[in-house]
Amino acid sequence: MKEIISSMRNTLKLLVLLLIFSCGSSKFDSQVFLPKLFGDGMVVQREASISVWGKGIPGENVRVSLAGAITSGTVESDSTWILELPKLPAGGPFVLEVNQQKINDVYVGDVWVAGGQSNMEWTLKSQVIGAEKEYSEGGNTQIRFFKIPNSYSAVELDDVVGGAWKVADSVNMKDFSAVAWFFAKRNNLEKKVPVGIIESNWGGTPVEGWTDVEILAEMEGSFNEQAKDVIENNESWDAKLKENDANRHRRDSMVSRPDSLTALNVASVSYDDSSWRKVNLPGANPLEHIAWARKKFTLSNVDNLMLHLPYIDQMAYVYLNGKLLHYKDWGIAVPEIEIPADMLAKGTNVLTVRAINTWNNQPRIGQKGEMYLLQSGEKISLEGTWSYSNSTVEPHLPKVEWYNWMPGMMYNAMIVPITTYTIKGVIWYQGESNAGRHGEYKALFSAMITNWREKWGLGDFPFLFVQLANFMERKEVQPESNWAFLREAQAQTLELPNTGMATIIDIGEADDIHPKNKKDVGERLWLQARKVAYGEKNVASGPRFDSLSRKGNELIVKFSSVGEGLKLTEGDAVKGFIAAKENGDFQQVEAFIYDKESVKITLPQGVEAGEIRYAWADNPEVNLVNNLDLPTVPFRKKFE
């Protein structure tokens with residue numbers, strides 16, 4: 001009996017000790033929910049406190065560990081928690097542990113947000129110069145991209161709507177922002193650290209869509225009334241956006257892929273299109289919604305036939321005699337297609353195109369002189385009469401409004417949810433959609449940058465942006481160019497601390513708002529990063545206006561950022577200068593390199609006072625660079 005009592009006493013003591021130990025220790029086994037940015041393959045910022053946050057059960061404990069660093073805390077009463085890991089050096093791969101969750105293949109390096117509109121969104125696969133070479137090199141496992149899906153909201157969201165980290169291999173990288181890829185590649189090569197790019201961009205979008213609506217409502221500008229309306233009628237806007245987003249998802253599901261049996265039937269030679277309308281392509285364009293167009297042609301020989309139809313806007317399925325020949329994605333021209341002989345027939349054949357343009361609901365097929373079949377050196381024209389239908393085969397698309405363009409809408413959905421994530425800085429390429437309102441751009445853009453910095457709470461982090469490229473018809477004298485004024489507003493934004501601007505006035509294309517040379521854009525942004533973000537003493541810009549002096553009818557313009565000296569990319573005279581008398585008409589003026597850092601301009605006779613401008617046009621012809629071949633930054637200056 002004594003033995004039993006003794007055993008019971010010992011057991012009781014053990015239970016008491018276990019209870020005391022349990023009360024004095026912390027358990028980290030409760031379930032936690034992490035934002036989508038926290039996933040396998042992620043990159044976190046080196047040499048800075050790393051924020052980790054999420055949701056959980058109020059009062060439960062949370063522990064976070066990474067690369068030997070550990071921190072812990074408690075879930076707040078509102079179910080949220082946030083913890084800070086100490087600074088870590090670059091390295092990896094590591095495992096990030098949050099309670100019982102494990103996130104694998106985590107690297108510590110430099111993290112950049114790549115924002116803006118379509119020129120930042122433009123992918124490597126979209127005919128970017130040099131892309132094939134990048135694929136052949138196999139990518140880089142230390143570079144990872146997270147693409148935030150296009151989304152918008154009338155209220156601030158606490159997480160992005162989707163996305164996942166993708167390793168930059170030869171397959172994934174094709175869908176990466178080309179500008180951001182070339183930037184990240186230089187970052188990795190020169191700093192020897194992993195690089196993470198968070199893409200938050202959307203084609204065609206204005207800067208006010210990326211800015212807090214509360215800030216915009218306090219500013220003067222074309223956006224002010226819309227901003228106030230969003231604030232005052234927030235609930236109705238929230239409902240309206242949800243309905244519009246449902247329409248967008250329904251539209252996207254409709255355009256993504258045609259019903260295969262229907263498509264093969266409509267594309268067959270025997271299909272009866274007699275009820276369809278006729279259109280003369282490429283001259284007229286009545287196409288809309290999901291447009292189907294058919295063109296019959298006759299062959300006596302089915303061998304060695306090529307299709308030349310590079311211009312279809314935007315997406316298209318191309319069929320031949322009832323079989324799918326090619327799918328054209330957005331931003332990619334249709335290549336020269338060799339047609340297999342077994343897809344053709346002697347006699348009548350039919351080419352069928354299913355075209356969609358979700359940008360403006362007006363697809364286009366063909367361009368004059370660029371619609372033909374080529375057989376043994378002979379062209380068989382595809383221009384002329386086509387049969388078409390906008391609704392016979394598939395129903396009209398639901399109407400989708402561009403509400404994402406409105407004040408604050410993308411900011412709420414694509415920026416706010418990532419502002420707790422520690423970053424190195426931002427690279428930005430945007431402005432085309434604000435060119436018609438250039439007078440308010442400096443204030444708007446500056447407000448957006450300041451807004452982002454305050455929201456992130458990381459101080460004046462580096463904000464590097466691209467000045468608009470040359471574009472549209474070349475005009476020798478164009479003093480009222482909207483694009484020139486927008487470039488000036490961008491340059492004026494450099495008044496903010498820790499900003500840098502990449503000038504690309506020399507690599508644009510007259511007939512394409514999306515220049516295919518993205519390598520120079522990304523690498524010029526990297527030059528700015530070296531200077532602004534990493535404190536190097538490098539030449540990061542092309543020549544910039546410094547001062548002006550006058551000697552008789554000659555002006556001497558002095559430049560900074562000349563490196564080893566000014567030079568010309570072609571010719572003997574400096575191109576791109578125009579001058580005008582005070583309140584007078586502008587005209588081209590003669591200019592030559594005067595010395596290592598100056599240009600001499602000869603003024604027209606009788607000019608006492610006036611103004612000079614350099615590269616001041618939509619698409620100016622320029623040739624003045626520094627020794628790094630960086631182009632001179634456009635400017636204007638009055639003189640007396």
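At least one donor-acceptor pair closer than 3.5 Å links the side chain of S481 to the backbone N or O of A484. The backbone N or O of A154 lies less than 3.5 Å from a partner atom in the side chain of N234, making a donor-acceptor pair. Judged by distance alone, with hydrogens and angles left aside, the side-chain atoms of Y135 form a donor-acceptor pair with the main-chain N or O of L124 at under 3.5 Å. For the pair R487 (side chain) and A617 (backbone), a donor-acceptor distance under 3.5 Å is present. K242 contributes no side-chain N or O that, together with a main-chain N or O of A246, makes up a donor-acceptor pair within less than 3.5 Å. Between the side chain of Q490 and the main chain of Q430, a donor-acceptor pair closer than 3.5 Å is present. No side-chain donor-acceptor contact under 3.5 Å links N412 to the backbone of L157. Remark: side-chain polar atoms of K455 are not paired, donor with acceptor, to backbone N or O of V416 under 3.5 angstrom. Judged purely by atom type and a 3.5 angstrom limit, N361 uses its side chain to pair as donor or acceptor with the backbone of H289.
The ring of Y411 has its center no closer than 6.0 angstrom to the ring center of W210. Here the two rings, on W428 and W452, have centers that are under 6.0 Å apart.
Inter-residue side-chain proximity for R364 and I312 is flagged as unmet; no heavy-atom pair is nearer than 4.5 Å. Using a 4.5 Å cut-off on side-chain heavy atoms (C-beta onward), L397 and V255 make contact.
Among residues at least two apart or in separate chains, side chain to side chain donor-acceptor pair (under 3.5 Å) pairs with a member in residues 393-408 are W292-E394, R354-E394, K399-E401.
The aromatic rings of Y317 and Y319 sit parallel to each other, their planes meeting at less than 30°, with 60° as the upper class boundary. Taking the six-membered ring for Trp and thresholds of 30 and 60 degrees, W202 and Y152 have ring planes inclined between 30 and 60 degrees apart. Relative ring orientation between F176 and W181 is described as tilted, the plane-to-plane angle lying within the 30° to 60° band.
Dense packing is recorded around CZ of R474, with more than 12 heavy atoms of other residues, nucleotides or ligands lying under 6.0 Å away. Applying the 6.0 Å contact sphere to CG of N304 captures no more than 12 heavy atoms from other residues, nucleotides or ligands.
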Would you list the atom pairs, donor with acceptor, under 3.5 Å between side chains in residues 365-377 and any protein atom, with sequence neighbours excluded?
residue: E370; atom: OE1; partner: H308; partner atom: NE2; Å: 2.4
residue: Q375; atom: NE2; partner: N301; partner atom: O; Å: 2.7
residue: Q375; atom: NE2; partner: D303; partner atom: O; Å: 2.8

Worksheet item: Passes ring pair (Phe, Tyr, Trp, His ring centres under 6.0 Å), W165 versus F146? Steps please.
Response: CA-CA 5 Å; W165 286 96; F146 186 103; 5.6 Å; yes

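A donor-acceptor contact under 3.5 angstrom links the side chains of N201 and E199, judged on distance only.
Under the 4.0 Å criterion applied to side-chain N and carboxylate O atoms, R248 and D245 are assigned as salt-bridge partners.
Scanning both residues, L216 and T211, for their nearest heavy atoms gives CD1-O, 3.8 Å.
Looking at R294, K278, R277 one by one, the single match for side-chain hydrogen bond (donor to acceptor under 3.5 Å, both in side chains) with S387 turns out to be K278.
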